[in-house]
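Values below: all heavy atoms of this structure, side chains included; hydrogens, waters and symmetry mates excluded. The structure presented is a predicted model; accordingly, all values stated were derived computationally and were not measured.
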Amino acid sequence: MLNKITKTYERKLLPLEAVFVRSPGAIVGIVAKLSGNIDESKFLFAVNKLITYYPILHSKINWDKNDEMWFIESESPIPASIIEMASENDFEKIISSEWKKEFDIENGPLSRFILLKSLNKFHIIFVAHHSITDGAGLLKIIESLLKLINNKRAELQFDYGECLPSIENLNKSVQLNNKNPLKNIAYNSLLKYFDYQWNKGKISLPKEDIVKIQKTYFKAFNYLVILDEFTEKETQLFIHQCKKHNITVNSAIATAILACRDIIDKNNDNHNYLVPVNLRRYLGEKAQNSISCYAGSIDIKYAYDPLKSYWENAEIFNNKFNKALNNNLDIEKIKAISYLPNGLLEASILSQRFQTFPEVFNGFSYYNKLTSKNIASLIAKKSIKESPSFTITNLGAPNILTEFENFKLENIVIYPSYTAYPKASLILSVITLNNKLTFSYHAVENYNDITKKLKEMFKEFILDKIY
């Protein structure tokens with residue numbers, strides 16, 4: 001929101017956004033592969049003009065006297081760099097280096113842009129802290145930037161007064177569908193219990209630890225990113241088969257991963273899946289014109305049955321997912337985000353990190369309390385037991401402009417926020433653009449071999465089912 005007096009951007013962070021501030025690895029990004037010609041001066045002009053539409057891109061985070069976090073405008077210039085690639089192999093190195101750079105949260109800004117140049121090919125990289133945007137927001141940002149590069153007078157749809165995830169902002173139809181008196185009584189009683197236990201624990205989450213947590217995390221973990229894609233014909237056949245069996249592409253992909261991973265990675269329980277859900281569909285029109293974070297998720301537990309055909313398994317998985325979606329499980333996430341006692345959700349996330357990786361995070365000022373019998377620790381232990389072994393984030397086939405005057409958007413790769421867990425060792429990002437499915441596998445470094453095998457087996461498995 002714009003401050004009426006100073007005309008600068010400032011607003012208080014919601015609990016969901018505050019969770020990402022204290023969550024190491026909470027960096028998201030997008031890479032747009034372009035053919036044609038991109039003028040460097042137009043790129044730099046477009047970045048600067050884009051910030052006038054989406055000022056949160058140029059924000060930093062400050063704490064008030066009550067330890068509430070606020071987005072305010074950063075005094076530092078937004079990083080916008082131009083890099084000449086000596087060879088195509090430089091691409092992966094540059095991407096990896098960008099995902100090893102933590103943001104200076106207190107000084108900002110919380111985003112950066114890079115133009116990679118090679119012979120007749122360009123890549124635009126946008127990287128941001130997850131507190132300011134999500135996957136759908138990344139698409140809006142990259143399309144807006146391309147429009148401004150193409151035409152500096154292009155008008156963009158935007159909203160300063162973001163409709164952020166809260167119960168009050170939900171569509172009335174959703175609220176009506178979710179009214180269960182007994183469930184609400186139980187839920188409210190649980191929240192009161194959490195509130196009492198949290199206040200009794202008296203845990204402070206000092207801002208000084210945030211930088212230390214980020215640096216410790218990025219020093220401890222490395223990630224592998226493997227890219228792959230289907231041809232236009234393969235994509236067309238795959239989508240045709242999905243429609244024929246009345247299942248979503250998302251469910252078909254997830255089921256194939258289940259089948260392959262059971263063969264490759266037999267020693268782990270690979271049957272807990274997390275599927276992100278775009279909460280914009282539950283909110284008003286303001287949410288459609290905002291780039292802020294609207295991240296919900298649905299957890300699915302399913303074991304692939306080798307006695308059934310792949311398409312039978314995919315239909316079962318699809319039905320389970322649709323049932324979960326129709327039950328508005330992600331609405332419960334909004335309730336938790338909106339009503340959990342201040343700091344408890346953040347402390348629970350940190351507690352998961354501390355309990356999972358004690359050798360990395362031991363020594364922080366509140367380490368002992370967050371690994372004891374504190375309520376945050378109890379919530380974390382429950383979450384760790386139920387943590388997914390795999391996350392699939394599919395942005396579908398976005399309706400965005402791909403043909404411009406001097407260049408064409410060939411492909412897009414989404415880089416999701418990533419936090420390492422022993423079980424949650426893989427995130428698969430999927431997007432369909434120019435009639436081609438693009439996949440990016442994001443894995444913890446010590447899971448590299450399994451991920452490489454999974455990529456090869458998955459493609460072979462799917463192609464066998466569609467031909």
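- For an aromatic pair to be called close, the ring centres must be under 6.0 Å apart, and Phe439 with Phe230 satisfies this.
- Within the 3.5 Å criterion, the main-chain N or O of Ser348 finds no donor-acceptor partner in the side chain of Ser351.
- Between Asn411 and Glu229, the closest side-chain pair of non-hydrogen atoms falls below 4.5 Å.
- Pairing each heavy atom of Ser131 with each of Val21, the nearest pair is CB-CG2, 4.0 Å.
- Ring geometry, Phe361 versus Phe364: the interplanar angle falls from 30° to 60°, so the pair is classed tilted.
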Mind running side chain to side chain contact (heavy atoms under 4.5 Å, CB included) on Phe321 and Tyr273 for me, showing each step along the way? CA-CA 10 Å; Phe321 178 78; Tyr273 275 45; over 6 Å; no
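- Between the Ser290 side chain and the Ala287 main chain, no donor and acceptor come within less than 3.5 Å of each other.
- Contact annotation: the side chain of Ile27 approaches that of Val127 to within less than 4.5 Å [non-hydrogen atoms, C-beta and beyond].
- Residues Gln236 and Asn435 have side chains that never bring a donor and an acceptor to within less than 3.5 angstrom of each other.
- Side-chain N/O atoms of Thr248 and Asn250 include no donor and acceptor closer than 3.5 Å.
- In plain terms, the two heavy atoms of Ala80 and Val47 that are nearest each other are CB-CG1, 4.1 Å.
- Looking only at atom types and distance, the side chain of Tyr53 has no donor-acceptor partner in the side chain of Ser144 under 3.5 Å away.
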Could you go through Gln197 and Lys192, starting from their C-alpha distance and side-chain angles, then the distance that decides it, and tell me whether this counts as side chain to side chain contact (heavy atoms under 4.5 Å, CB included)? CA-CA 9 Å; Gln197 291 291 340; Lys192 286 180 181 178; over 6 Å; no
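- Distance check, rounded to the nearest 0.5 Å: CG of Asn150 to CD of Glu405 gives 6.0 Å.
- Counting non-hydrogen atoms of other residues, nucleotides and ligands closer than 6.0 Å to NZ of Lys33 gives a total of 12 or fewer.
- Two residues are said to be in side-chain contact when any heavy atoms from C-beta on lie closer than 4.5 Å; Leu57 and Phe126 meet this criterion.
- In this structure, Trp198 CH2 and Asn374 CG are separated by 6.5 Å, a value rounded to the nearest 0.5 Å.
- A donor-acceptor contact shorter than 3.5 Å is absent between the side chain of Asn434 and the backbone of Lys436.
- One N or O on the side chain of Gln288 and one on the backbone of Arg280 form a donor-acceptor pair closer than 3.5 Å.
- Between Ser297 and Val277, the closest side-chain pair of non-hydrogen atoms is not below 4.5 Å.
- Closest approach of Phe238 to Leu437, counting heavy atoms only: CD2-CD1, 3.5 Å.
- In the displayed structure, Lys382 atom NZ is contacted under 6.0 Å by at most 12 heavy atoms of other residues, nucleotides or ligands.
- Looking at Asn48, its side chain does come within 3.5 Å of a backbone N or O of Leu44 through a donor-acceptor pair.
- Ion pairing between a basic and an acidic side chain is recognised when a charged N comes within 4.0 Å of a carboxylate O; Arg11 and Glu17 show such pairing.
- The backbone N or O of Lys243 lies less than 3.5 Å from no partner atom in the side chain of His240, so there is not a single donor-acceptor pair.
- At a threshold of 4.5 Å between non-hydrogen side-chain atoms, the residues Lys147 and Leu156 count as touching.
- Every residue meeting the side-chain contact (heavy atoms from CB on, under 4.5 Å) condition with Asn62, not counting sequence neighbours, appears here in chain and number order: Lys60, Ile72.
- Put simply, CZ on Phe113 and CD1 on Ile78 are 5.0 Å apart, with the number rounded to the nearest 0.5 Å.
- Two residues are said to be in side-chain contact when any heavy atoms from C-beta on lie closer than 4.5 Å; Leu426 and Thr391 fail this criterion.
- Within a 6.0 Å sphere centred on NZ of Lys49, other residues, nucleotides and ligands contribute more than 12 heavy atoms.
- Rounded to the nearest 0.5 Å, atoms OG (Ser35) and CG (Leu409) are 8.5 Å apart.
- Judged by distance alone, with hydrogens and angles left aside, the side-chain atoms of Asn318 form no donor-acceptor pair with the main-chain N or O of Ile247 at under 3.5 Å.
- The OH atom of Tyr302 lies 11.0 Å from the OG atom of Ser251; values are rounded to the nearest 0.5 Å.
- Taking 4.5 Å as the limit, some side-chain heavy atom of Ile38 sits within range of a side-chain heavy atom of Leu115.
- With hydrogens and angles ignored, the 3.5 Å screen pairs a side-chain donor or acceptor of Ser189 with a backbone N or O of Ile185.
- Of the inter-residue distances, the one linking Asp134 atom CG with Asn278 atom CG reads 6.0 Å to the nearest 0.5 angstrom.
- Phe103 carries Arg112 over the face of its six-membered ring, with the cationic atom under 6.0 Å from the centre and within 45° of the normal.
- Ring geometry for His442 versus Tyr415: interplanar angle over 60°, hence perpendicular rather than tilted (30 to 60°).
- A pairwise comparison of heavy atoms in Leu344 and Ile375 identifies CD1-CG2, 3.8 Å as the closest pair.
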Side chain to side chain contact (heavy atoms under 4.5 Å, CB included) between Ile379 and Phe194: does it pass, once the steps are laid out? CA-CA 10 Å; Ile379 293 172; Phe194 284 165; 4.2 Å; yes
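- In this structure, Ile125 and Leu116 have side chains that are in contact, with non-hydrogen atoms separated by less than 4.5 Å.
- Here the closest heavy-atom approach between residue Ile149 and residue Lys42 is recorded as O-CD, 3.7 Å.
- The cationic group of Lys101 does not satisfy the cation-pi geometry with Phe218, failing either the under 6.0 Å distance to the six-membered ring centre or the 45° limit from the ring axis.
- Annotation for Gln157: atom CD does not count as buried by contact number, only 12 or fewer foreign heavy atoms lying within 6.0 Å.
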After noting the C-alpha distance and the side-chain angles of Tyr217 and Phe357, does the key distance pass the ring pair (Phe, Tyr, Trp, His ring centres under 6.0 Å) rule? CA-CA 10 Å; Tyr217 181 84; Phe357 306 105; 7.8 Å; no
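- In this structure, Asn399 places its CG atom where only 12 or fewer heavy-atom neighbours from other residues, nucleotides or ligands lie under 6.0 Å away.
- Glu403 has a carboxylate O that lies under 4.0 Å from a charged side-chain N of Lys408, or vice versa, which qualifies the two as a salt bridge.
- Residues Ser387 and Asn272 bring no donor and acceptor atom of their side chains to less than 3.5 Å of each other.
- With hydrogens and angles disregarded, no donor-acceptor distance shorter than 3.5 Å links the side chain of Asn169 to the backbone of Leu283.
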Walk me through it: do Val28 and Leu138 pass the test side chain to side chain contact (heavy atoms under 4.5 Å, CB included)? CA-CA 8 Å; Val28 294; Leu138 293 174; 4.1 Å; yes
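- Asp104 and Asn107 share a side-chain donor-acceptor pair at under 3.5 Å.
- Between the side chains of Gln355 and Ser377, at least one donor N or O lies within less than 3.5 Å of an accepting N or O.
- Aromatic ring centres of Phe407 and Phe404 lie closer together than 6.0 Å.
- The nearest pair of heavy atoms linking His58 to Ser76 is NE2-O, 2.6 Å.
- Panel note: side chain Asn151, backbone Arg153; a donor-acceptor pair is recorded below 3.5 Å.
- Within a 6.0 Å sphere centred on NZ of Lys381, heavy atoms belonging to other residues, nucleotides or ligands number more than 12.
- Note on Lys117 versus Glu84: salt bridge recorded, some NZ/NE/NH1/NH2 to OD/OE distance being below 4.0 Å.
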